[in-house]
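First comes the structure, then the notes that go with it.
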Amino acid sequence: MRILVTGFEPFGGESENAAQLAVAQLPQDWDHPHIELITEILPVDFRTGPAQLRQVIAQVQPDAVICVGEAGGRTAITPELRAGKIAAARIPDESGYQPQRELLDAGPEFLETRLDAAAQVTAIRNLGLPAALSDDAGAFVCNAVFRTVLRDFAGPAGFIHLPAVRTRGAAKVGAETDPDSASSPAQNEHNWTIAELARGLQAAVLQTASNFIYFSDQPDR
């Protein structure tokens, strides 16, 4: 099977994005010949990010898609349960666009993930890494991309937020998903590395693949 995993470019004047770094590391450690892994890095742009996602899906025809972003208010890896229909930006995207509670589409208020987010959390925790479910993907570009994949791709699809880890120093942006983050979904602090984020993502990808293969192998009812 073929799984597409996307991350995001740095934004807000930063030189790194945890999603970009972790997703870029995935192919280096990949050793699963029956699962073709394809990665793509998207711009943090309300218009071109979703457009590029649709384009790469059309090109590679994946069986499943996992989109990945960073959330500065979180200290756990958080698979998202749903994507909202509102676009609202604390800071402008990389093209300078800063929507204030605009509609992404005319669909329902929320679109639900089509991945087993709870099983992804379990797979990540089995590595000894903090993980938790999230029911709020925010209203920045991450959510817009999540909404796009659920609306415009028919197969299994979902989104995972990572803590905004940096190889040096602390993130200055990344709180767009949780602008009022006085608390975190994590139960305790964890001194994350990019390698650990990549390990957590790999566990989530493998869980998605195993679930997909299981259902594909079931006889017609």
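Counting only distance, with no hydrogens or angles, the side chain of Lys85 and the backbone of Gly107 share a donor-acceptor pair below 3.5 Å. Within the 3.5 Å criterion, the main-chain N or O of Ala88 finds no donor-acceptor partner in the side chain of Arg101. With hydrogens and angles ignored, the 3.5 Å screen pairs no side-chain donor or acceptor of Trp192 with any backbone N or O of Pro163. Distance alone, capped at 3.5 Å, places no donor-acceptor pair between the Glu16 side chain and the Ala164 backbone. Arg54 places no side-chain N or O within 3.5 Å of a backbone atom of Asp152 that could act as its donor or acceptor partner.
The closest side-chain heavy-atom distance from Ile3 to Met1 is below 4.5 Å. Between Phe46 and Glu102, the closest side-chain pair of non-hydrogen atoms is not below 4.5 Å. In this structure the side chain of Ile194 reaches within 4.5 angstrom of the side chain of Val165, judged on heavy atoms. With a 4.5 Å cut-off on side-chain heavy atoms, Thr148 and Arg151 count as touching. Put simply, the side chain of Tyr97 does not reach to within 4.5 Å of the side chain of Asp45, judged on heavy atoms. With contacts defined as side-chain heavy-atom distances shorter than 4.5 Å, the pair Arg114/Phe153 qualifies. Counting heavy atoms from C-beta outward, Cys67 and Phe146 have side chains that stay 4.5 Å or more apart. Using a 4.5 Å heavy-atom cutoff, the side chains of Thr48 and Ser95 are not in contact.
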Any chance you could lay out the side chain to side chain contact (heavy atoms under 4.5 Å, CB included) test for Ile66 and Val205, step after step, and finish with the verdict? CA-CA 8 Å; Ile66 302 175; Val205 173; 3.9 Å; yes
Mind running side chain to side chain contact (heavy atoms under 4.5 Å, CB included) on Leu26 and Val5 for me, showing each step along the way? CA-CA 9 Å; Leu26 277 179; Val5 181; 4.0 Å; yes
Going through the checks in order, is the side chain to side chain contact (heavy atoms under 4.5 Å, CB included) test met by Ser134 and Arg74? CA-CA 10 Å; Ser134 168; Arg74 304 186 189 184; 3.2 Å; yes
Checking salt bridge (charged side-chain N to carboxylate O under 4.0 Å, His left out) for the pair Arg147/Asp105: CA distance, chi angles, key distance, verdict? CA-CA 9 Å; Arg147 183 88 176 185; Asp105 55 53; 2.7 Å; yes
Does the pair Phe11 and Asp93 meet the rule for a side chain to side chain contact (heavy atoms under 4.5 Å, CB included), with working shown? CA-CA 7 Å; Phe11 66 104; Asp93 69 9; over 6 Å; no
Derivation and outcome, side-chain hydrogen bond (donor to acceptor under 3.5 Å, both in side chains), residues His161 and Glu70: CA-CA 5 Å; His161 266 117; Glu70 67 172 18; over 6 Å; no
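No side-chain donor-acceptor contact under 3.5 Å links Thr6 and Glu40. With 3.5 Å as the limit, one finds no donor-acceptor pair spanning the side chains of Gln20 and Glu9.
There is no path of hydrophobic side-chain contacts, each under 4.5 Å, that joins Leu115 to Leu111. One hydrophobic cluster holds both Val141 and Phe159 under the rule that ILVMFWY side chains link at heavy-atom gaps under 4.5 Å. No single ILVMFWY cluster, assembled from side-chain heavy atoms under 4.5 Å apart, contains both Trp30 and Val56. Cluster annotation: Val65 and Ile38 are assigned to the same hydrophobic cluster (Ile/Leu/Val/Met/Phe/Trp/Tyr, side-chain heavy-atom contacts under 4.5 Å, transitive). Residues Val173 and Leu21 do not share a hydrophobic cluster, clusters being chains of Ile/Leu/Val/Met/Phe/Trp/Tyr side chains in contact below 4.5 Å.
Note that the CG atom of Leu201 and the CD atom of Gln120 stand 9.5 Å from one another [nearest 0.5 Å]. Within the model, atoms CG of Asp63 and OG1 of Thr208 stand 12.0 Å from one another, a figure rounded to the nearest 0.5 Å. Between the CZ atom of Arg199 and the CD1 atom of Ile124 there is a distance of 11.0 Å, given to the nearest 0.5 Å. Here Ile91 contributes atom CD1 and Lys172 contributes atom NZ; the two are 12.5 Å apart, rounded to the nearest 0.5 Å. In this structure, Asp31 CG and Gln202 CD are separated by 9.0 Å, a value rounded to the nearest 0.5 Å. A distance of 3.5 Å separates CZ in Phe110 from CZ in Arg82, rounded to the nearest 0.5 Å.
The two residues Ala19 and Phe8 come nearest to each other via the heavy atoms CB-N, 4.0 Å. Between Ala76 and Ala132, the closest heavy-atom pair is CB-N, 4.3 Å. Residues Ala87 and Pro99 come closest through the heavy atom pair O-CB, 3.7 Å.
Evaluated for a side-chain contact (heavy atoms from CB on, under 4.5 Å) with Pro50, the options Leu104, Val145, Val149 yield exactly one hit, Val145. Of the residues Asn126, Leu133, Thr78, the one that meets the side-chain contact (heavy atoms from CB on, under 4.5 Å) test with Val121 is Leu133.
Using a 4.0 Å cut-off between charged nitrogen and carboxylate oxygen, Glu14 and Arg166 count as a salt-bridge pair.
Note that Arg90 lies outside the cation-pi zone of Phe140, set by a 6.0 Å cut-off to the ring centre and a 45° limit from the axis.
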